[in-house]
Amino acid sequence: MNVLRIAARMAVGGSLLLGGVLGSGVHAADDAANPSLTDEASLALANATSVVEKAKVKGALWTTATGALTQAQEAAKKQDSAAVIQHAAVASEQAFLGMAQLGYPLMGN
Amino acid sequence: MKKLIWLISCLGCLGAVANVQASPEDDRRSVVQGVQKKFPDIKFEDYVHGALAFSPDAKAQYDAVMTFPPYDAEIEKGAKLWETSFKNGKRYADCFPRSGKNVAGNYPMFDEKTKKVVTFEMALNQCRTANGEAPYKHSDMNTMGLLTAYARTLSDGMRMNIKVEGKDALAAYESGKRFFHQRRGQLNFSCAGCHISNVGNVLRTEYLSMAPGQATHWPAFRGGDYSLFTLQRRYAACNQMVRLVPLEIGGEEYNNLEYYHSYLSNGLPLQASVFRK
């Protein structure tokens with residue numbers, strides 16, 4: 001479980017880093033949608049949205065992931081970048097764990 | 001020589017077919033035997049009562065409600081839907097053998113043409129579209145739910161009779177089986193973890209029912225307000241319980257799940273539209 005958590009953090013962190021490297025141009029659309037969110041917050045939200053969507057397609061989406069994504073979206077409306085980043089991290093972590101769970105051995109015979 | 005080869009290869013086919021059929025039956029038998037071993041006093045036929053089999057009090061309450069079901073008016077609405085003719089004059093009864101009597105226990109069935117599992121709800125919708133009507137949404141309890149609440153009563157007493165024949169059908173069955181045994185949701189439980197491994201144990205305030213028999217009595221009218229639950233709506237509720245966002249009601253995953261899950265009820269009598277807590 002801990003390994004997964006770290007992996008999820010790394011995935012989130014990695015894409016934040018990438019976002020930084022790629023610069024704001026790539027995320028101009030996000031920025032335009034949320035003019036007063038920091039790049040980091042916009043990117044975290046975009047990342048969480050896409051991981052949650054992936055988990056949903058796999059039928060592996062935890063309600064805790066959708067809950068956190070909703071909170072991130074609410075925070076974005078209030079232009080609270082710190083809260084966006086915090087909730088988006090939880091959303092992508094929980095969505096990631098849901099997908100990883102599909103690799104668990106089958107249970108109960 | 002040619003004849004011999006033909007004979008041998010044909011024996012081979014027979015063997016393959018027999019194998020395919022043995023496997024789901026082995027699954028079912030082992031699940032049923034698991035329950036029998038743990039609860040030798042509960043009769044096989046009583047598995048249809050699910051959790052009520054563990055609680056005489058709850059069973060007494062059930063029997064009282066079932067004497068004059070307070071939701072009879074809802075089933076009447078379903079009967080009206082069933083009996084109303086389509087614009088072209090045809091009726092649901094024209095789409096099914098025996099005018100729809102004793103058919104529900106054959107569903108879900110596997111359709112070799114589309115290579116998909118067909119639930120009873122899908123068959124009802126196919127009847128609608130074949131007669132120029134728009135299909136109902138599977139998750140809409142006020143149309144599809146009510147319609148099945150009546151249509152399934154026409155099969156009361158029929159034994160569940162799910163067939164898995166051929167490799168595509170087996171693949172769909174296996175996909176449903178995988179779903180049933182796959183841990184999901186933040187609480188990390190599989191259906192089997194509750195309804196096979198923990199049968200008869202209490203979760204919060206409820207006894208956990210056994211998988212065999214679970215597919216025989218839908219829809220159910222649940223709780224103080226008798227909300228109508230189709231079987232797949234119940235799947236969604238159990239998914240939600242372990243903090244998984246439910247999958248689409250009427251979607252392929254739940255249909256395959258229903259195929260496997262209903263197979264486990266084979267041999268048990270259907271009784272539609274019962275009361276559940």
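A, B, ... follow the sequence lines: proteins, then strands. Residue 1 opens every chain.
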Quiz item: So which part of B:Asn239 gets closer than 4.5 Å to some heavy atom of chain A, the side chain, the backbone, both or neither?
Solution: neither
Self-check item: Contacting region of B:Leu247 [heavy-atom separation from chain A under 4.5 Å]
Solution: side chain
Quiz item: Based on non-hydrogen pairs under 4.5 Å, which of A:Thr63, A:Thr64, A:Leu102, A:Thr66 is most in contact with chain B?
Solution: A:Thr63
Quiz item: Taking NZ, NE, NH1 and NH2 as the nitrogens, is one of them in A:Lys77 or A:Glu74 under 4.0 Å from a carboxylate oxygen of the other?
Solution: yes
Self-check item: Test applied, ring-ring contact (aromatic ring centres under 6.0 Å, His included); reference residue, B:Tyr254; option that passes from B:Tyr259, B:Phe180, B:Tyr235, B:Tyr260
Solution: B:Tyr235
Quiz prompt | Donor-acceptor side-chain pairing of B:Gln232 and B:His138 below 3.5 angstrom | solution = no
Quiz prompt | Ion pair check, B:Arg152 and B:Glu121, cut-off under 4.0 Å | solution = yes
